[in-house]
Amino acid sequence: MGRSGTVSARSVVPRPALFVAATGALAVALLPLVYLLIRTGEAGLGRIADEVLTRRVAELAGRSIALMVVVTVACTVVGVAAAFLVTRTDLPMRGAFGVLAALPLAVPTYVAGFAWIATVDGFEGFWAAALVLTLCSYPYVYLPVAAALAAADPAQEEVARSLGRGPWRTLTTVTLQQARPAIAGGALLVALYTLSDFGAVSILRTDTFTRAIFTAFNLGFDRTGALVLSTVLVLLTMVLLGLELVSRTRGARYAGGGPRRPATRFHLGRLRIPAVSALVAVGLFALGVPAASLVRWSIAGASRPGTLAEIGAAAGNTLSVSLGGALLTLLLALPVGLLTARAPGPIATLVDRLSYLAHALPGIVIGLSLVFFGIAVAYPLYQTVWLLALGYATLFLPLAVAAVTGAAVQAPPVLDEVARSLGRSPFVVLTSVTLPLMVRGIGAGAALVFLTCVKELPATLLLRPTGMDTLATELWTHTSTASYAAAAPYAALLVGVAAIPTWLLGRRTGLT
């Protein structure tokens, strides 16, 4: 991907075994999308039109898009500002603030929503959901932008300053332009996450597409209506992907290769106290309010007889299904990432891009599609952990593919060629040479996928086997009945589990 030069015949037709494995993995991951389109088409154009062309759908679309725009803009502002302060200024305690700014990623939106609604009376509605989603989602912008600013070439800024541009103009026209792809990518993740969020909008009583889909299927038993609404939501996410693809590189500036020295840090001067105060305020709202609420309610919840055993069982189930989902996701991502890195060309690029379609699908849509698929086509998989693991793999495949591709690019392919010249088989080369060189990158991808599996709620609600409860589903069950004391221990442990991979990811940015 992104390599210049003519495409050879060998790159147009990738390595056959690797190509077959990557295509098979992609087919498995896109299975829910294909099945969703087939089942929606069976309803007929008349029924689809009756479901879509209504005032209710227009209101859902308007509210969902408005929430997405508000949260994306707010997260972009907060994420870029925090990244700039941490990487490019003389901010005091930069390392501590670097950790603080990343930690809200470990707080699922439904946990934050529960914490706020259990603390502030009447905390619900559109703006409440926008605040919670912003506080939990801005690290999706902060982390990539901070990494991009830390790695940006300061020579371009120095040239701009030598040509008479002031600090502010240099910042907006050169520094941030170098980070523009990271900003666009982070904003896309926030937009997709907001559009697909189910837990926070449900707890805070904000009607969006995801809440309407879940209600139509789980409470109204309107499967056709749920399928049609899911398809509309998929189309909206496809539009987002197209817009991001068009804008990602337009006007962007990229750093040149070779060694570079650290960039000159901006002196905040009189802005130091306001900058520190702003970062502290964000941290208090994003972490302090949930922490205080969870501690207060956890003490009350853990005092109930039998609760500790229930919490332990839910934690064990969470770890097992999340580890299983992460393992399956990495197994599917391995051939796709290796194909992209080792056999670049049009076909490899197409396979890589298609893998991102899965990430555009909300968890509730994936769960709904696999429920129908399990009942009608693969009944032996229905109500098993394998179907849940497949749902996780479908949702989070691109996260693992990106990690595998990056790790494979860093592993010199010449070592593979040397091993083959010594008579070793491709499988032996893969297991003894390639994979050991990719361990760190694959480990980062595993941590990210595990984190997202732990936090995933709607797909887990729909696909978990009967009788299996996880931290997320137990939290949902208790908050839906306003049993905050019973829900708090599950929320606290869920955040604790998610914080471990978040800390590991923060260390890889070089900011901690």
Under a 4.5 Å cut-off applied to non-hydrogen side-chain atoms, are Ile273 and Ser277 in contact?
yes
One should read off an interatomic distance between Leu91 CG and Leu271 CG, to the nearest 0.5 angstrom, of 11.5 Å
Before giving the answer on side chain to side chain donor-acceptor pair (under 3.5 Å), spell out for Ser322 and Tyr392 the whole-Å C-alpha distance, their side-chain angles and the decisive distance to 0.1 Å.
CA-CA 8 Å; Ser322 298; Tyr392 288 155; 5.2 Å; no
Please give me the minimum heavy-atom distance between Lys455 and Tyr110, naming the atom from each residue.
O-OH, 2.7 Å
Can you tell me how far the CG atom of Leu475 sits from the CG atom of Leu457, to the nearest 0.5 Å?
7.5 Å
Is there a side-chain contact between Val289 and Leu135 (heavy atoms, below 4.5 Å)?
no
What are the two closest non-hydrogen atoms of Val111 and Val495, and how far apart are they?
CG1-CG2, 3.8 Å
Contact summary for Ala112 and Val132, nearest pair of heavy atoms:
CB-CG1, 3.7 Å
Please state whether the rings of Trp116 and Phe123 are parallel, tilted or perpendicular, taking 30° and 60° as the class boundaries.
parallel
State which residue, out of Ile183, Val86, Thr87, Thr76, fulfils the side chain to side chain contact (heavy atoms under 4.5 Å, CB included) condition with Val145.
Ile183
Begin from the C-alpha positions of Leu330 and Phe396 and carry the test side-chain contact (heavy atoms from CB on, under 4.5 Å) through to its verdict.
CA-CA 9 Å; Leu330 287 173; Phe396 310 129; over 6 Å; no
Is the backbone N or O of Leu471 less than 3.5 Å from a side-chain atom of Thr318, with the two atoms forming a donor-acceptor pair by type?
yes
Within the 4.5 Å heavy-atom criterion, are Leu284 and Val280 side-chain neighbours or not?
yes
Would you please test Ser64 and Leu195 for side-chain contact (heavy atoms from CB on, under 4.5 Å) and show each step?
CA-CA 6 Å; Ser64 298; Leu195 200 59; 4.0 Å; yes
When rounded to the nearest 0.5 angstrom, what distance separates OH in Tyr193 from CG in Leu133?
7.5 Å
Just by distance, do the side chain of Thr470 and the backbone of Ala314 share a donor-acceptor pair under 3.5 Å?
no
Can you tell me if Ser293 uses its side chain to pair, donor with acceptor, with the backbone of Pro290 under 3.5 Å?
no
Could you work out, with side chain to side chain donor-acceptor pair (under 3.5 Å) as the rule, every residue matching Thr194, not counting sequence neighbours?
none
Hey, does Leu67 have a side-chain heavy atom less than 4.5 Å from the side chain of Val201?
yes
Less than 4.5 Å apart, side chain to side chain, heavy atoms only: is that true for Phe97 and Leu85?
no
Any idea which heavy atoms bring Leu279 and Leu100 closest together, and the distance?
O-CD2, 4.1 Å
Evaluate the side-chain proximity of Phe285 to Leu131: yes if any heavy-atom separation is below 4.5 Å, no if none is.
no
Determine whether Leu319 and Phe450 make a side-chain contact, defined as any pair of heavy atoms from C-beta on separated by less than 4.5 Å.
yes
Is there a side-chain contact between Pro108 and Leu494 (heavy atoms, below 4.5 Å)?
yes
Leu395 and Thr452: side-chain contact (heavy atoms from CB on, under 4.5 Å), yes or no, with the steps?
CA-CA 9 Å; Leu395 284 167; Thr452 49; over 6 Å; no
Show your reasoning for whether side-chain contact (heavy atoms from CB on, under 4.5 Å) applies to Thr473 and Arg464.
CA-CA 9 Å; Thr473 60; Arg464 78 189 193 279; 3.7 Å; yes
What is the distance from atom CG of Leu339 to atom CG of Leu334, rounded to the nearest 0.5 Å?
11.0 Å
So which heavy atom on Ala130 is nearest to which on Val70, and how close?
CB-CG1, 4.1 Å
Looking at CG of Leu323 and CG of Leu328, how far apart are the two atoms once the value is rounded to the nearest 0.5 Å?
12.5 Å
Passing candidate, side chain to side chain contact (heavy atoms under 4.5 Å, CB included) with Phe198, options Leu461, Thr109, Ile203:
Leu461
Heavy-atom closest pair, residues Arg211 and Asp207
NH1-OD1, 3.1 Å
Rounded to the nearest 0.5 Å, how far apart are CH2 of Trp127 and CG of Leu204?
14.5 Å
